Amino acid sequence: MICAFHGDTFLDTRHPTKGGLPSSYLKPTARSGERLMVRVLAIDDEALVREALRLTLSTIPDFSVSVSAPADALATASEAGSDIALLDVAMPGHDWLDLLASLRALTPRPAVAILTSFEVPGQMDLALRAGATGFLLKDMHPEFLAHSLRTVAAGGMVYVPPASASTIARVLTRSLPERHAPALPCAITQRERDVLTLLALGLQNADIARQLDIGTTTVKTHIGVLKRKLSVPNRVVLARLAQQAGLV
């Protein structure tokens, strides 16, 4: 199973056509209704792997694919204006966490998805804390890989092996004090930041309450305060604002 989260929506990436997708996911153009191009940068230290990824992803009509060795990744991402960076973690001589952080510091900032041959225990937690919104395996079917990348490009999260919403929330909440507080239009408390982060991950009020060990009514109160402070009408816009601010 592949777990994916998009705003308040759970997406099953095993079945790309099942259950429907949010309109922002499809990114329709005003004229034709076709998908906009998704600009993907594949970063790997092995030239053979880079070329294989280029050939595989280039067969997808709405994907524009660039490839890069780790040393050239930042320059290539900036030049290509990449929407997504696919990053390998097993690259001798290169620190994938440092590279992930540098990619996330670019303007415009690409989403980062880890693409690896196998999961090392604890690696997915590290990727989550560092801001990756995808953790994918190289043995995925190309159709699933394409679907996962579109989900990430649309602001969703995809993790394989599966990570439940509660697992993702627990890791991110634990890591919040260690992270630099992203800029928001106004100051919010740490508790409000925790609630906003979990809301942006798609958790409902009862799930947020369980994760933070507070009452559901308290969660509703925090969300109401956040809406007033940030001048937004609903939780969907709150989630979008949290994503734009880099909370998830």
Side-chain angles (χ1 to χ4, degrees), residues 2-6 39-45 53 68-78 82-138 140 145 148-149 151-184 190 193-194 196-203 211 239 241-248:
I2 303 171
C3 276
F5 302 88
H6 185 285
R39 294 164 296 189
V40 181
L41 171 62
I43 304 167
D44 200 288
D45 62 330
L53 287 169
S68 174
D72 304 319
L74 297 180
T76 304
S78 296
S82 303
D83 300 308
I84 308 171
L86 264 180
L87 178 62
D88 191 12
V89 296
M91 300 185 294
H94 300 277
D95 188 319
W96 66 274
L97 281 172
D98 284 347
L99 184 50
L100 195 163
S102 296
L103 287 164
R104 295 285 293 162
L106 292 175
T107 303
R109 180 173 60 185
V112 179
I114 301 302
L115 183 66
T116 185
S117 299
F118 53 88
E119 183 197 9
V120 175
Q123 206 170 64
M124 188 166 65
D125 283 11
L126 287 174
L128 269 167
R129 295 185 200 180
T133 49
F135 194 94
L136 312 173
L137 298 180
K138 289 180 179 178
M140 293 177 68
L145 176 59
S148 299
L149 293 178
T151 300
V152 171
M157 304 178 74
V158 182
Y159 284 83
V160 185
S164 66
S166 60
T167 298
I168 292 174
R170 184 174 63 253
V171 171
L172 286 178
T173 303
R174 184 174 66 240
S175 69
L176 281 175
E178 304 168 7
R179 300 170 69 186
H180 296 294
L184 286 167
Q190 183 61 51
R193 187 179 297 276
D194 292 348
L196 183 58
T197 299
L198 300 182
L199 182 151
L201 286 170
L203 273 69
Q211 291 300 319
L241 186 62
Q243 292 169 355
Q244 292 170 349
L247 285 179
V248 295

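Along the sequence shown, residues are numbered consecutively beginning with 1. All figures in this text were calculated on a predicted structure; none of them were measured in a lab.
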Legend entry - Minimum heavy-atom distance between Ser148 and Val158, given as atom pair plus value: OG-CG1, 3.6 Å

Legend entry - Atom of Ser82, atom of Pro110 and distance for their closest heavy-atom approach: O-CB, 3.3 Å

Inset, instruction - Measure across Arg109 and Arg104 and return the closest heavy-atom pair with its distance rounded to 0.1 Å. - result: CD-O, 2.5 Å

Legend entry - Contact check, side chains of Leu99 and Leu74, non-hydrogen atoms, under 4.5 Å: yes

Inset, instruction - Search all heavy atoms of Ala73 against all heavy atoms of Leu41 and return the closest pair with its distance. - result: O-CD2, 3.7 Å

Legend entry - From CD1 (Ile43) to OG1 (Thr76), nearest 0.5 Å: 8.0 Å

Pairs under 3.5 angstrom only: tabulate donor-acceptor contacts from the side chains of residues 85-95 to other protein residues two or more places apart or in another chain.
{"residue": "Asp88", "atom": "OD1", "partner": "Ala90", "partner atom": "N", "Å": "3.4"}
{"residue": "Asp88", "atom": "OD2", "partner": "Lys138", "partner atom": "NZ", "Å": "3.4"}
{"residue": "Asp95", "atom": "OD1", "partner": "Leu97", "partner atom": "N", "Å": "2.9"}
{"residue": "Asp95", "atom": "OD1", "partner": "Asp98", "partner atom": "N", "Å": "3.1"}

Legend entry - Gap between atom OG1 of Thr116 and atom CG of Asp44 - 0.5 Å precision: 9.5 Å

Legend entry - Side-chain heavy-atom pair Leu100, Ile114 within 4.5 angstrom cut-off: yes

Inset, instruction - Measure across Phe135 and Ala127 and return the closest heavy-atom pair with its distance rounded to 0.1 Å. - result: CD1-CB, 4.0 Å

Inset, instruction - Would you mind reporting whether Leu53 and Leu115 have side-chain heavy atoms less than 4.5 Å apart? - result: yes

Legend entry - Distance-minimising heavy-atom pair for Val152 and Gly134: CG2-CA, 4.4 Å

